[in-house]
Protein chains: 4
Amino acid sequence: MDKPLKKPSRIQIRNRKVILEAALEVFSRYGFRGATLDQIAEQAAMSKPNILYYFEGKEAIHDALLTRLLETWLDPLREMDAQGDPKSEILGYVRRKLDMSRDFPRESRLFANEILQGAPRMMPVLEGELKALVDEKVAVIRGWIAAGKMAEMDPYHLIFSIWALTQHYADFDSQIRAVLGHDGAIAEAEPFMEALFTRLLAR
Amino acid sequence: MDKPLKKPSRIQIRNRKVILEAALEVFSRYGFRGATLDQIAEQAAMSKPNILYYFEGKEAIHDALLTRLLETWLDPLREMDAQGDPKSEILGYVRRKLDMSRDFPRESRLFANEILQGAPRMMPVLEGELKALVDEKVAVIRGWIAAGKMAEMDPYHLIFSIWALTQHYADFDSQIRAVLGHDGAIAEAEPFMEALFTRLLAR
Amino acid sequence: MDKPLKKPSRIQIRNRKVILEAALEVFSRYGFRGATLDQIAEQAAMSKPNILYYFEGKEAIHDALLTRLLETWLDPLREMDAQGDPKSEILGYVRRKLDMSRDFPRESRLFANEILQGAPRMMPVLEGELKALVDEKVAVIRGWIAAGKMAEMDPYHLIFSIWALTQHYADFDSQIRAVLGHDGAIAEAEPFMEALFTRLLAR
Amino acid sequence: MDKPLKKPSRIQIRNRKVILEAALEVFSRYGFRGATLDQIAEQAAMSKPNILYYFEGKEAIHDALLTRLLETWLDPLREMDAQGDPKSEILGYVRRKLDMSRDFPRESRLFANEILQGAPRMMPVLEGELKALVDEKVAVIRGWIAAGKMAEMDPYHLIFSIWALTQHYADFDSQIRAVLGHDGAIAEAEPFMEALFTRLLAR
DNA sequence: AATGAATGAGAGTTCATTCAT
DNA sequence: TATGAATGAACTCTCATTCAT
């Protein structure tokens with residue numbers, strides 16, 4: 001006897017959203033194993049059994065978060081246009097990633113936690129969808145290089161460097177704030193990034 | 001009334017080392033709360049109570065790891081010499097950090113886990129020792145810039161970019177291997193890093 | 001941020017009562033450290049985690065018992081009336097204490113255990129509330145003595161002797177039964193006590 | 001193969017004494033189950049295994065203490081002489097018991113702990129040796145009463161009252177000190193006891 | 001005679017999940 | 001749809017005892 005799978009009511013939709021929001025807060029800080037349903041329930045202002053009414057279990061909530069994350073996580077890279085100008089395309093990508101670190105730092109940390117732990121749940125996506133996308137964009141960049149439109153370099157590590165530099169501001173936020181002694185690091189980082197990539201790409 | 005603190009025997013030294021090695025493996029993957037003494041005991045091939053014979057508790061093991069880590073973690077930055085040539089000093093720093101990511105990836109992930117969780121145990125060190133060291137080196141870099149020896153830029157973010165770029169290869173190792181389809185990313189990264197920072201620093 | 005502290009349900013009230021009853025049985029026999037949650041759980045016919053659903057921990061149960069005990073433990077002494085006749089007031093106190101030893105022997109043993117161990121949890125109450133009450137009643141007795149209404153004696157040790165003689169029948173119950181070879185020692189003790197204190201107080 | 005049972009060396013004798021002294025300290029405070037070998041070892045300034053070299057186990061130490069205690073515990077009562085004068089015999093007994101509470105309070109508390117827990121280890125002694133001794137002395141007292149040498153009363157409860165009054169000063173010491181605000185309660189108690197029993201026994 | 005090292009059993013407690021309503 | 005009540009499994013840690021020297 002399978003679940004009925006009726007169309008979710010308005011209340012269902014809202015509560016699933018509330019739970020995911022709370023779970024994001026908790027999972028992004030403590031990782032999957034370190035987070036507890038109690039914390040999520042408290043954050044969501046719901047009872048624990050009620051949370052399990054909306055999701056099969058702790059893992060299902062985490063999976064839902066990762067799935068939801070993946071829907072948008074790769075968008076900034078997807079938008080990189082082979083027909084566009086290399087410098088503006090790549091700088092645009094950097095900017096979009098920095099925006100994500102500013103607007104969705106918890107999502108970035110959720111992702112970082114998953115990767116740090118060896119990507120037990122996301123490895124298939126990394127080896128499949130992500131690798132395919134990266135391979136495609138690497139080909140694009142190789143084309144730009146071959147056409148003499150940008151400096152020669154290893155496109156894989158160019159992409160890695162964009163990931164590293166931008167996500168760092170979300171993932172290592174607490175360290176950065178401790179060192180700087182103030183907030184707003186990302187705003188300061190933007191011109192630095194622009195200079196860095198401008199110089200890196202210049203022929 | 002403190003513990004007697006007798007000189008540790010050879011067995012004590014060896015077993016404490018074995019435990020720390022096992023704990024590093026486990027904590028670096030799952031974070032403090034996600035790791036269990038069972039996992040550490042299994043990894044160390046010891047009984048759980050025997051582990052607690054050598055360390056006061058789970059937290060004490062973790063603390064010992066962090067303390068040990070801090071002894072060397074800042075060394076690469078400390079070595080940056082104000083009297084040296086900016087380019088070779090900074091490239092040297094990058095190289096040393098890349099070496100650490102290659103040789104001590106678990107230490108890097110242990111650190112990343114701590115920071116991701118908001119640095120509950122290391123915040124005082126970040127705000128104290130680390131901030132002081134960074135401030136000092138920022139002054140050095142400002143001196144180089146003022147002397148016209150390197151391009152103008154925000155020295156804080158220069159340092160952050162080095163941390164981000166080098167540690168990424170340890171912390172996001174599983175993602176990098178999935179995308180590349182092969183090992184040895186750090187070896188490939190070295191020339192990329194050299195080019196990147198050479199271009200960034202050039203006047 | 002305190003707990004919400006909702007009004008306890010009927011089940012909560014009943015189960016907390018069941019647990020305290022079971023805990024009294026166990027703590028009064030083995031003392032705080034000697035008692036185990038397993039014993040309490042068995043006695044209460046509940047699972048261990050369910051007990052911890054109603055109380056924060058082992059210590060909280062013990063504290064609740066001591067607190068509940070204190071609410072009534074000092075009542076017999078409080079009732080001693082300065083306006084009354086010394087002999088009937090003091091004999092009345094003795095009778096009330098004997099009644100307590102008959103009706104609440106486990107409470108008496110719980111108290112004895114706490115005192116035997118140096119009153120680690122109740123010392124403040126002993127030095128505060130209890131001392132104040134005793135001091136007050138000592139003044140009353142001194143008044144009676146000064147008024148020539150009873151024999152001269154140290155009122156503190158008069159009170160101690162009442163405590164000792166009455167609580168002994170609860171605390172050393174197993175010894176008394178072993179020596180007598182039968183139950184009902186307290187009933188036998190009553191006339192003995194009456195004679196003892198009558199002769200002691202007489203001018 | 002039985003133990004050799006050689007004659008104990010001087011060092012054995014001394015160490016067994018040290019251990020028993022330490023164990024008395026610990027058992028008298030925390031009871032059998034509440035006490036730990038670690039505490040005893042610390043108190044004895046010996047290693048735990050060394051303690052178990054001299055005694056079969058925790059229970060054996062406790063048994064040895066109880067056995068040693070019994071050798072002298074009943075002496076004060078035994079000394080009560082049928083040929084003597086009732087008043088001086090009984091007052092003498094009271095005095096000897098008070099002396100024991102002053103000089104051996106830990107032994108008294110050890111005994112109290114055992115009885116409080118239902119005398120799991122000493123019940124046979126209570127029902128055997130102790131009951132026999134008490135029965136014998138009860139007969140003596142009955143003789144005195146029959147001979148008109150002292151007031152009529154239940155001799156069992158007379159003996160219980162002596163136990164209760166005298167041991168109270170050792171067992172409830174912490175409470176007494178809290179109420180009095182000073183030490184030396186037993187010295188104060190002596191004249192009180194003398195008056196009490198003098199009046200009680202008088203024809 | 002003595003002790004550092006080691007462990008199985010069990011302690012108090014947490015937690016994801018289920019039950020009952 | 002919601003939640004108090006309940007629990008088995010697992011977690012950290014303690015303790016009496018044993019092992020090895």
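These numbers come from a predicted model, not from an experiment. Here is the naming used below: chain letters follow the sequence lines, and residue numbers restart at 1 for every chain.
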Separation of [X] atom [atom1] from [N] atom [atom2], in whole Å?
| X | N | atom1 | atom2 | result |
| --- | --- | --- | --- | --- |
| D:I51 | E:dT3 | CD1 | C1' | 12 Å |
| C:I19 | E:dG12 | CD1 | C1' | 15 Å |
| A:I11 | F:dT3 | CD1 | P | 10 Å |
| B:R10 | E:dA5 | CZ | C1' | 15 Å |
| B:I61 | F:dC11 | CD1 | P | 15 Å |
| C:F27 | E:dG12 | CZ | C1' | 11 Å |
| D:I13 | E:dA1 | CD1 | C1' | 15 Å |
| C:F55 | E:dT14 | CZ | P | 15 Å |

Spatial distance of atom CD (D:E56) from atom CG (D:D63) [nearest 0.5 Å]: 11.0 Å

Annotated protein contacts, base or backbone, on nucleotides 12-21 of chain F with a non-hydrogen cut-off under 4.0 Å, one of B, S, - each: BBBBBBB---

Kindly say if [X] contacts the phosphate of [N], meaning a side-chain N or O under 4.0 Å from OP1 or OP2.
| X | N | result |
| --- | --- | --- |
| B:Q12 | E:dA5 | yes |
| B:N15 | E:dG4 | no |
| B:Y53 | E:dA6 | no |

Relative to A:Y54, does A:R16 satisfy both conditions: NZ or CZ under 6.0 angstrom from the six-membered ring centre, and within 45 degrees of the ring's axis? no

Assign A:Y54 to base, sugar-phosphate, or nothing according to its heavy-atom contacts below 4.0 angstrom with the strands shown. sugar-phosphate

Could you check whether C:K48 pairs with C:E42 (Lys NZ or Arg NE/NH1/NH2 to Asp/Glu carboxylate O, under 4.0 Å)? no

Looking at the side chain of A:N50, which of E:dA6, E:dA2, F:dT3 is the nearest nucleotide? F:dT3

Side chain of B:S47: nearest nucleotide among E:dG4, E:dT7, F:dA6? E:dT7

Quick one: closest heavy-atom pair of D:L65 and D:L24, and the distance? CD1-N, 3.6 Å

With sequence neighbours excluded, residues passing ring-ring contact (aromatic ring centres under 6.0 Å, His included) with D:F32: D:F27, D:H62

Here the helical stems involving DNA chain E, each at least 3 consecutive Watson-Crick or G-U pairs closer than 3.5 Å, sorted by first residue number, are E:2-21 with F:2-21

With heavy-atom distances below 4.5 Å as the criterion, would you say the side chains of C:K58 and C:L52 are in contact? no

Heavy-atom side-chain contact between D:I51 and D:I61 under 4.5 Å: yes

May I ask you to check whether over 12 heavy atoms, not counting those of B:E59, lie within 6.0 Å of atom CD? yes

B:Y30 atom OH, over 12 foreign heavy atoms within 6.0 Å: no

